[in-house]
Visitor: 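Before anything else, here's the structure in question.
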Protein chains: 2
Amino acid sequence: MSSTTTDAKQRLLEAAIEEFALHGYDHGTVRRICGKADVNVNAVKYYFEDKRTLYIEAVKEAHRARHRAMPPGGLIPPDDDPNGDPAIRLKAFIRQMVTMAVSAQKRIDHNHLLIFREISDPSEATRDIVQEFIGPHFRRLNDILRQLLPKGASDSQRHMFAFSLIGQCMHYKIAGPVIGMLISEEERRQLSAERVSDHIYQLMMAGIERAAKTDSA
Amino acid sequence: MSSTTTDAKQRLLEAAIEEFALHGYDHGTVRRICGKADVNVNAVKYYFEDKRTLYIEAVKEAHRARHRAMPPGGLIPPDDDPNGDPAIRLKAFIRQMVTMAVSAQKRIDHNHLLIFREISDPSEATRDIVQEFIGPHFRRLNDILRQLLPKGASDSQRHMFAFSLIGQCMHYKIAGPVIGMLISEEERRQLSAERVSDHIYQLMMAGIERAAKTDSA
DNA sequence: CTTACAATGAAACACGCGTTTAACTCGATA
DNA sequence: TATCGAGTTAAACGCGTGTTTCATTGTAAG
């Protein structure tokens, strides 16, 4: 059995996910990764040729790991019925994304962190990530919005709504440190995933309803 | 006359703004900066002690430069009357921010780039930047929102509206590359600063009006 | 027992970085 | 003219990085 080799490679991958999620590709060092994985620095060349390849494989592994451990609370909820109430689906979508954005600090989910980082700081692997990982979610969001927006809404109109939603959710993660400097710590605690996601939901629904009115007018 | 010294220091600052705006603090190298400024590497120690101080001074200079070259189309329009129609002020605020976000590619404005980078990728200087530069804009936005939102709206409620606005605008810059991978190039061109800012304005106003209704109910 | 080979380990290499040192230039001043 | 000091220059230092080399281990096959 080549159990040890698989173990070492797997440990290396998981350590890389954590390292790159916390520090990004550039700031992440192979020495720290190997330290976490308890393997020699040479292992990265042995198993992955170089740092760049290790990173790409780590992102892919993070993707696979997320699909493996989907329930409960996965990104694509198993009960997201395409024929369900689109408003409820939208609310759930927002809730999940905000939770990812604001709660990634306490319950550290390196797989999610890595994806967020890829979006805000693209690397050579971003094209793959977008196609394999982000694309499906973006299409699902667009499906929901298509049902909610008036029939006459154009693709670009719908996409702007999608970007508005995504932008709001991601802002709490990306600008997290700056937000912490702009408001008091006490108020920061009040911005729970529940409150924030509800706010975004109300805002989106209000905009959608307005679009419906101006469209019919 | 100490014209040459001032020249060298100024050239260093401007080169640093460009370098840090394009590559960020970590990726920016003092050697490249000195190359652009056509000065010796030691000049950064001579004039600014070290890289970090040079960076902070560069950001401050970028701030000053923006205020110097304010009209036309500056971030804080000279005609932003605190007593003017808050809806119009909001529209202008959004328009300016979106313009910064989407047009920073063609007309390279290193000063703006530097600020955006500070928000999405904080450095040691971020605390200063937030206090001196971002804070005033954030407060101005909150002044506008305070006039538009119902009296009973809490601080955190108003702040969430502010973050929603900022998040939407910044998303077009931060997730620019990913957006380019999600939609066609033709549609990408359709997302002009005018359309996007109008969309965000409509969305925000709809949300504000809904808040007013639910508040009075 | 010997061999073969995957796996590991320790050390060094080559490079770029920020930083520092020390020498040099050159105009102002006494 | 001699002196001083601000400005500038070239070279090196110390460090951390990704990467490479080469020796060593452990295990399975011949």
Side-chain angles (χ1 to χ4, degrees), chain A residues 1-61 114 117-118 121-125, chain B residues 1-61 114 117-118 121-126 128:
Chain A
M1 254 298 261
S2 58
S3 70
T4 70
T5 154
T6 313
D7 282 355
K9 186 172 181 178
Q10 193 60 26
R11 266 184 291 133
L12 204 42
L13 270 179
E14 287 168 11
I17 290 174
E18 180 178 341
E19 172 76 4
F20 289 134
L22 292 176
H23 304 105
Y25 177 76
D26 300 299
H27 282 62
T29 74
V30 300
R31 277 181 168 83
R32 265 205 304 261
I33 292 173
C34 293
K36 290 176 191 170
D38 197 38
V39 299
N40 191 268
V41 280
N42 189 28
V44 29
K45 178 181 174 61
Y46 187 78
Y47 290 110
F48 300 97
E49 194 58 27
D50 56 12
K51 179 188 183 183
R52 182 181 158 278
T53 309
L54 169 61
Y55 176 75
I56 295 176
E57 292 305 315
V59 176
K60 290 180 179 174
E61 171 62 19
L114 203 47
R117 199 174 275 276
E118 268 299 306
D121 185 20
S123 74
E124 306 175 54
Chain B
M1 255 294 263
S2 60
S3 71
T4 69
T5 154
T6 313
D7 282 356
K9 186 172 182 178
Q10 192 60 27
R11 265 183 292 134
L12 204 39
L13 271 179
E14 287 168 10
I17 291 174
E18 180 178 342
E19 173 76 4
F20 289 133
L22 292 177
H23 304 104
Y25 178 75
D26 301 299
H27 281 61
T29 75
V30 300
R31 279 182 167 83
R32 261 205 305 261
I33 291 173
C34 293
K36 288 176 190 170
D38 198 36
V39 298
N40 190 269
V41 279
N42 191 28
V44 29
K45 177 181 175 62
Y46 187 78
Y47 290 110
F48 301 96
E49 196 58 29
D50 56 10
K51 178 188 182 181
R52 182 181 160 279
T53 309
L54 169 61
Y55 176 74
I56 295 177
E57 292 305 315
V59 176
K60 290 180 179 174
E61 170 63 18
L114 204 46
R117 197 175 278 274
E118 266 301 303
D121 185 21
S123 73
E124 307 175 55
T126 305
D128 293 342

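Below, read A as the first sequence line, B as the second, and so on, with proteins coming before strands; counting in each chain starts at 1.
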Visitor: Can you find a side chain N or O atom of A/Tyr46 that sits less than 4.0 Å from OP1 or OP2 on C/dG9?
Guide: no
Visitor: Any idea which of D/dG7, C/dA11, C/dT8 is nearest the B/Tyr47 side chain?
Guide: D/dG7
Visitor: Does the D/dA10 base have a donor-acceptor partner in the side chain of B/Asn40 within less than 3.5 Å?
Guide: yes
Visitor: Answer yes or no on whether A/Lys9 is positioned over the face of A/Tyr46, meaning its NZ or CZ is under 6.0 Å from the six-membered ring centre and within 45° of the axis.
Guide: no
Visitor: For A/Arg32 and A/Glu49, take the nucleotide of DNA chain D holding the closest heavy atom to each; which residue's nucleotide lies nearer the 5' end?
Guide: A/Arg32
Visitor: Using modelled atom types only, decide if a donor and an acceptor are shared between the side chain of B/Lys51 and the backbone of B/Lys45 within a distance under 3.5 Å.
Guide: no
Visitor: At 4.0 Å (heavy atoms only), tell me whether B/Asn42 reaches a base, stays on the sugar-phosphate, or touches nothing.
Guide: base
Visitor: Could you tell me the separation between the NZ atom of A/Lys51 and the C1' atom of C/dG16, rounded to a whole number of Å?
Guide: 14 Å
Visitor: Atom NZ of A/Lys9 and atom P of C/dT8: how far apart are they, to the nearest Å?
Guide: 12 Å
Visitor: Can you check the A/His23 NE2 to D/dG16 P distance for me, whole Å?
Guide: 15 Å
Visitor: Taking atom P of D/dT19 as reference, at what distance in whole Å does atom CZ of A/Arg52 sit?
Guide: 11 Å
Visitor: Between atom CG in A/Asp7 and atom P in C/dA6, what is the gap in whole Å?
Guide: 19 Å
Visitor: Please check if the side chain of A/Asp50 supplies one atom and the backbone of A/Thr53 the other of a donor-acceptor pair under 3.5 Å.
Guide: yes
Visitor: What is the separation between atom NZ on A/Lys45 and atom P on D/dG18, rounded to the nearest whole Å?
Guide: 14 Å
Visitor: Whole-Å distance between D/dT19 C1' and A/Leu54 CG?
Guide: 14 Å
Visitor: Record whether the side chain of B/Arg31 comes under 3.5 Å of the base of C/dG16 through a donor-acceptor pair of N or O atoms.
Guide: no
Visitor: Please give, in whole Å, the distance from D/dG18 P to A/Phe20 CZ?
Guide: 8 Å
Visitor: Among D/dT19, D/dG18, D/dA11, which is the nearest nucleotide to the side chain of B/Val41?
Guide: D/dA11
Visitor: Which heavy-atom pair separates B/Leu114 from B/Tyr55 by the least distance, and what is that distance?
Guide: CD1-CE1, 4.1 Å
Visitor: Which one of B/Arg32, B/Arg31, B/Arg117 satisfies the salt bridge (charged side-chain N to carboxylate O under 4.0 Å, His left out) criterion with B/Glu19?
Guide: B/Arg32
